[in-house]
Amino acid sequence: MLPLYLTEKDDDFFFNLSIHDIKNDVDPHGHSFLELHYVFEGEGIEKINGIEYVMKPGTFAVIFPYQVHEMYIKKDTEVRLYNLCLSTKTMFDQDEYGIVMNRLLFDIDLHERTIYDIESDTAEKFLTLFREMQKEYEEDKIWKKFMLKAKIIELLILFDRYRRFRVIKENTPPADTLDNDTWSIIHYVYKNWNTNITLKSLSKLFYLSESYISTIFKQCLGISFYTFLTDLRIENACSLLASSKMSVTNIAYEVGYASYSTFVRVFNKQKGVSPVTYRQLIKNNQLENPVKD
């Protein structure tokens, strides 16, 4: 069974902040947006790409797009956390904010540990920041978006400083990191998944070898380029099947397949049913649509 795949609401999506009261286990899922969450009550276990971490008050996590994570809540308890979802589009804005975000997230590293139990002094700063963000988010004041952006950057700077301090304190040798080609390539595929995109075309565009680009996807996302591309296409096809009246043939072309038969074969392999059956199941409320906001 494939993990659930969550997508951004719409093209104007920027930011969403809420408090989650989690009483039951959370199934494996991935999403196209950045998720940050901070636990302030309860205990449990969180798995990120299959690796287990303890969740308790003070635990802060950055979940990068397309990482798979899941939660297991301690019996007879609930975990309460601030959950912040941030559009990937904001990471690549060409303004100063986008550049700072890009640098911070690159330094945090997609393929390294991004969840820590924050020590008390810093944890209090995190909690204060989340409270301030929630208040700003719920009110309608002038400069609201800029204020939220500033607080998000402050939060990520605090986390990056803490993470670096922990690496030095624990005497952990810094991992080798990929250069900015990483973000550029992943973002390009994310924005152009419905075109005739291949490793060969990426190689020509970024002046990098196909094998190096393959390594970027394996190291950063834990999956191959073609798996990443297929997931994007099929999940967007699911969204169109559930929310539009487009024909299956047109949907196949819309999500980047030049052949209707190839689309049907790949879709059936991914979802276990044909696109026509999938649409009918959604229509009859017999299948939960995995594309949610």
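Bear in mind that the values here come from a model prediction, so they are computed numbers and not experimental data.
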Over all atoms of both residues, closest heavy-atom pair of L199 and S214 = CD1-OG, 3.4 Å
Closest heavy-atom pair, L240 versus R279, reported as atoms and distance to 0.1 Å, is O-NH2, 3.6 Å
I185 side, atom CD1; I216 side, atom CD1 - distance, nearest 0.5 Å | 3.5 Å
Any side-chain heavy atom of I142 within less than 4.5 Å of one from M147?
-> no
Are the side chains of F263 and I234 in touch, meaning some heavy atoms are under 4.5 Å apart?
-> yes
Would a distance-only check, ignoring hydrogens and angles, find a side-chain to backbone donor-acceptor pair under 3.5 Å from S203 to L208?
-> yes
With the side chain counted from C-beta on, respond yes when I19 and F130 share a heavy-atom pair under 4.5 Å apart, and no when they do not.
-> no
Under the 3.5 angstrom rule, does the side chain of H37 hit a backbone N or O of E35 as a donor-acceptor pair?
-> no
Out of curiosity, E138 CD to K144 NZ, how far, rounded to the nearest 0.5 Å?
-> 9.0 Å
Is there a side-chain contact between I73 and K23 (heavy atoms, below 4.5 Å)?
-> no
For the residue pair Y116 and Y162, categorise the inter-ring angle as parallel (less than 30°), tilted (30 to 60°) or perpendicular (more than 60°).
-> perpendicular
Compare every heavy atom of S259 with every heavy atom of Y253, then report the nearest pair and how far apart it is.
-> CE2-N, 4.4 Å
Give the ring-plane orientation class for F60 versus Y38, where under 30° counts as parallel, over 60° as perpendicular and anything between as tilted.
-> tilted
Under 4.5 Å between any side-chain heavy atoms of H69 and E46, yes or no?
-> yes
For H20, does its backbone N or O pair with a side-chain atom of N83 as donor and acceptor, under 3.5 Å?
-> no
Could you walk me through whether K141 and E136 pass the salt bridge (charged side-chain N to carboxylate O under 4.0 Å, His left out) check?
-> CA-CA 8 Å; K141 293 183 177 180; E136 188 73 30; 5.4 Å; no
Can you name the nearest heavy-atom pair linking M133 to L148, along with the distance?
-> O-CD2, 3.8 Å
Decide whether F228 and V266 are clustered together by the hydrophobic rule: side chain heavy atoms of Ile, Leu, Val, Met, Phe, Trp, Tyr closer than 4.5 Å, transitively.
-> yes
Check whether V26 and F33 end up in the same hydrophobic cluster, where Ile, Leu, Val, Met, Phe, Trp and Tyr are linked by side-chain heavy atoms less than 4.5 Å apart.
-> no
Polar contact flag, side-chain donor to acceptor under 3.5 angstrom, T230-T227 = no
Candidate pair D27 and M71, rule side chain to side chain contact (heavy atoms under 4.5 Å, CB included), full reasoning | CA-CA 7 Å; D27 292 334; M71 296 180 182; over 6 Å; no
Report yes or no: does T215 contribute a side-chain atom to a donor-acceptor pair with the main-chain N or O of S211 at less than 3.5 Å?
-> yes
Looking only at heavy atoms, the pair that brings V264 and P275 closest together is CG1-CD, 4.1 Å
Calculate, to the nearest 0.5 Å, the distance between atoms CG and OH belonging to L202 and Y207 respectively.
-> 13.5 Å
Side chain to side chain contact (heavy atoms under 4.5 Å, CB included) test vs L84 passes for just one of N16, L34, V62, L17, namely L17
Taking the side chain as every heavy atom from C-beta outward, state whether E210 and I213 have any atom pair closer than 4.5 Å.
-> no
Same cluster for M246 and V273 if Ile/Leu/Val/Met/Phe/Trp/Tyr side chains link at under 4.5 Å?
-> yes
Stepwise side chain to side chain contact (heavy atoms under 4.5 Å, CB included) test for Y82 and S18 = CA-CA 6 Å; Y82 281 100; S18 57; over 6 Å; no
With a 3.5 Å cut-off and no angle check, do the side chains of E78 and N24 form a donor-acceptor pair?
-> no
Once you round to the nearest 0.5 Å, how far does CD1 of I45 lie from NZ of K56?
-> 10.5 Å
Test item: E124 and D121 side chains (from C-beta on) under 4.5 Å apart, heavy atoms = no
Identify the two heavy atoms, one from W193 and one from R233, that lie closest to each other, and give their separation to 0.1 Å.
-> O-NE, 2.7 Å
Is the gap between the ring centers of F225 and F217 under 6.0 Å?
-> yes
Taken to the nearest 0.5 Å, the spacing of R80 CZ from D21 CG works out to 4.5 Å
Using a strict 4.0 Å threshold on nitrogen-to-oxygen distance, state whether E43 and K74 make a salt bridge.
-> yes
Out of curiosity, does V79 fall in the hydrophobic cluster containing Y53 (side-chain heavy atoms, cut-off under 4.5 Å, transitive links)?
-> no
Axial cation check for Y137 ring with K151, 6.0 Å and 45° limits = no
Taking atom types as modelled and ignoring hydrogens, do the side chains of T195 and N192 form a donor-acceptor contact shorter than 3.5 angstrom?
-> no
Verify the cluster assignment for L86 and L129: are they in a single hydrophobic cluster under the rule of side-chain heavy atoms below 4.5 Å apart?
-> yes
Compare all side-chain heavy atoms of I251 with those of L241 and state whether any distance is below 4.5 angstrom.
-> yes
For residues Y278 and Q280, is any side-chain donor paired with an opposing acceptor at under 3.5 Å?
-> no
Audit row: K145, K149, side chain to side chain contact (heavy atoms under 4.5 Å, CB included) steps and yes/no = CA-CA 6 Å; K145 189 171 182 178; K149 283 185 172 183; 4.1 Å; yes
Verdict with supporting geometry, T59 and V54, side chain to side chain contact (heavy atoms under 4.5 Å, CB included) = CA-CA 8 Å; T59 299; V54 174; 5.9 Å; no
To the nearest 0.5 Å, what is the distance between CG (L36) and CD1 (I152)?
-> 8.0 Å
